[in-house]
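Chain identifiers are assigned alphabetically (A, B, ...) following the order of the sequence lines, protein sequences preceding nucleic acid strands; residue numbering begins at 1 within each chain. Keep in mind that this is a model prediction, so the values were computed, not measured.
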There are 2 protein chains.
Amino acid sequence: MPDSMAETVEELAGGDASTSLYQRILNDIRDRIVSGEWEPGYRIPFEHELTEEYGCSRMTVNKALSQLAKAGLIERRRRSGSFVRRPQSQAAVLEIHDIRIEVEALGLPYRYELISQSKRRAGSSDRERLGPDVSGQLLALKCRHYAGARPFCTEDRLINLAAVPEAADEEFRETAPGPWLIGRVPWSAAEHVIRAAAADADIAADLNLAAGAPCLVIERRTWSAERPVTHVRFTYPANAHAVVARFTPSDS
Amino acid sequence: MPDSMAETVEELAGGDASTSLYQRILNDIRDRIVSGEWEPGYRIPFEHELTEEYGCSRMTVNKALSQLAKAGLIERRRRSGSFVRRPQSQAAVLEIHDIRIEVEALGLPYRYELISQSKRRAGSSDRERLGPDVSGQLLALKCRHYAGARPFCTEDRLINLAAVPEAADEEFRETAPGPWLIGRVPWSAAEHVIRAAAADADIAADLNLAAGAPCLVIERRTWSAERPVTHVRFTYPANAHAVVARFTPSDS
DNA sequence: CTTTCAATTATGTATATACATATCGAAACG
DNA sequence: CGTTTCGATATGTATATACATAATTGAAAG
């Protein structure tokens with residue numbers, strides 16, 4: 001009953017035997033989308049193709065694809081197939097949070113700059129940010145993002161090298177760590193904290209503000225299969241950015 | 001009137017012949033939950049009962065209930081049935097946003113105070129907040145919420161009286177408008193904007209802050225079946241509140 | 001009176017099947 | 001050459017059925 005392809009997929013996905021088949025199909029496809037392997041516009045295999053690949057009925061495949069469509073990750077068109085959607089506005093802010101896209105949406109030229117980079121063993125304040133279980137080496141980064149000539153926001157990031165060892169050899173001179181991580185580590189969960197704060201001396205200097213000026217702070221923790229991957233804190237001048245989210249209680 | 005309200009909702013939702021049956025079942029149940037008719041802990045009819053009520057197969061009912069469970073509105077237990085869940089933390093902030101619950105979660109006594117109340121015809125700045133189509137009478141409210149002796153946040157709200165005529169006769173001395181509206185108007189969509197701002201003179205006075213102090217501002221617009229219901233702006237001192245949201249790209 | 005165990009029940013997942021619907025593309029027609 | 005028609009195709013929804021699984025009930029055994 002389980003053919004070799006299905007077994008391979010299961011191994012790649014982490015081999016959790018407890019998850020149902022439709023859930024595994026959903027996760028497989030979702031991972032390929034959020035990792036960037038299947039870019040926006042990519043045509044997902046037809047239901048009857050996935051049916052063959054996983055050796056199951058169309059209803060099972062349909063359940064997975066319908067949920068991905070409802071979640072907004074793909075768009076389904078009769079007679080044409082299913083396609084990876086461009087990240088939607090509200091999703092872009094809370095899920096992807098790519099600053100380049102934010103800035104370019106404002107019609108301004110984007111520029112990225114690495115301020116500092118250091119490798120160290122996780123301390124207690126790091127564990128507060130990444131999670132209590134993190135013990136090994138980690139990478140600490142500070143960067144700045146520009147919209148035109150003006151600083152748009154600062155980024156203060158920790159990367160768990162146990163989860164992403166390749167990050168140790170990366171320079172991050174040209175590529176910002178956010179886009180670099182997406183495409184390498186498919187994230188399975190993310191937690192956001194959004195708050196206001198007064199700019200301290202460092203932030204004020206980085207953003208060209210008066211000390212004490214109001215700022216919006218967005219912190220994000222990301223996990224890949226239960227393992228902490230990264231913690232990042234973006235700080236924006238109050239007038240630069242707002243978080244927009246649209247909801248309906250359970251889809252729409 | 002909970003019964004006539006339910007009928008109204010059903011007409012609005014069921015009048016659309018294009019919605020599928022499972023979607024209508026889902027909407028019916030969801031509306032009863034968000035309107036408060038079915039409180040947390042309430043046991044939803046068994047699948048086989050809904051099967052009879054809607055005259056359809058168990059698979060159709062199951063599809064609706066499974067999605068509600070995935071969305072976190074209900075919890076399903078084998079052999080026992082399906083139950084309305086208590087609003088979860090992240091949902092509480094972004095979906096319900098009941099300040100009493102927020103304050104009491106901090107272990108502080110909650111108090112609510114109405115500052116001002118006025119009825120007027122919608123002007124252009126009101127339309128900017130509620131939406132361009134709003135033309136009739138509306139109710140403008142300003143309130144303050146306390147955590148212990150200290151002001152916790154201010155609330156500045158518009159209510160579209162065309163959508164909620166009963167609000168015109170309500171005093172809002174004891175009950176805050178948020179909890180009052182829930183339980184009367186099931187909302188079908190909500191949009192949040194979260195940003196940071198400096199306290200202006202009014203806000204500073206209301207919250208006992210220095211002018212220019214950083215604040216977190218959460219604005220929410222709510223619709224019921226495409227019709228704007230209310231716009232509310234909560235302003236918190238920067239240290240009082242943060243928005244927390246957990247995501248997985250398409251459920252988990 | 002407690003423990004054990006089997007029956008019952010509701011949900012969870014999957015299958016095969018059926019028909020509806022939107023849409024693309026090609027063939028038929030004026 | 002343009003338009004219409006029609007068949008093929010992929011998705012959308014619903015059905016009846018089947019078996020698995022978790023949890024609870026209640027009866028039998030100790």
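Minimum heavy-atom separation, A:Pro177 to A:Tyr112: CD-OH, 3.6 Å. Between B:Tyr236 and B:Glu102 the shortest heavy-atom distance is OH-OE2, 3.3 Å.
A straight line from OH of B:Tyr54 to P of D:dT15 spans 14 Å, rounded to a whole angstrom. Rounded to whole Å, atom C1' of C:dT11 lies 14 Å from atom NZ of B:Lys70. In this structure, the CG atom of A:Asn62 is 17 Å from the P atom of C:dT17, given to the nearest Å. Here C:dT23 presents its C1' atom at 14 Å from CD of A:Glu75, a figure rounded to the nearest Å. The CD atom of A:Gln67 sits 16 Å away from the P atom of D:dT11 (whole-angstrom rounding). Rounded to a whole Å, the CD atom of B:Gln23 is 22 Å from the P atom of C:dA20. Atom CG in B:Leu50 sits about 14 Å away from atom P in D:dA14, given to the nearest Å. One atom, NE2 of B:His48, and another, C1' of D:dT17, lie 18 Å apart when rounded to the nearest Å.
Using a 4.0 Å heavy-atom cutoff across all strands shown, B:Leu65 reaches no nucleic acid atom at all.
Seen from the ring of B:Phe83, B:Arg86 does not count as a face-on cation partner, given the 6.0 Å and 45° thresholds.
In terms of phosphate contacts, B:Ser82 brings a side-chain nitrogen or oxygen within less than 4.0 Å of OP1 or OP2 of C:dT11. When the side-chain nitrogen and oxygen atoms of B:Thr60 are compared with OP1 and OP2 of D:dT13, none of them lie within a distance under 4.0 Å.
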Salt bridge (charged side-chain N to carboxylate O under 4.0 Å, His left out) between B:Glu75 and B:Arg85, worked out: CA-CA 6 Å; B:Glu75 182 188 340; B:Arg85 291 224 304 181; 5.1 Å; no
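Between B:Lys63 and B:Arg58, the residue anchored closer to the 5' end of DNA chain D is B:Lys63, taking for each the nucleotide with the nearest heavy atom. Between A:Arg78 and A:Met59, it is A:Met59 whose nearest contact on DNA chain C lies nearer the 5' terminus.
The base of D:dA10 does not come close enough to the side chain of A:Arg77 for any donor and acceptor atom to sit less than 3.5 Å apart.
Side-chain atoms of B:Arg76 lie closest to C:dT11 of the nucleotides C:dT11, C:dA14, D:dT15. Taking the side chain of A:Ser20 as heavy atoms from C-beta on, and the options D:dT13, D:dA23, C:dA14, the nearest nucleotide is C:dA14. Checked against C:dT11, C:dC24, D:dA14, the side chain of B:Glu47 finds its nearest nucleotide in C:dT11.
In the displayed structure, A:Glu39 atom CD is contacted under 6.0 Å by at most 12 heavy atoms of other residues, nucleotides or ligands.
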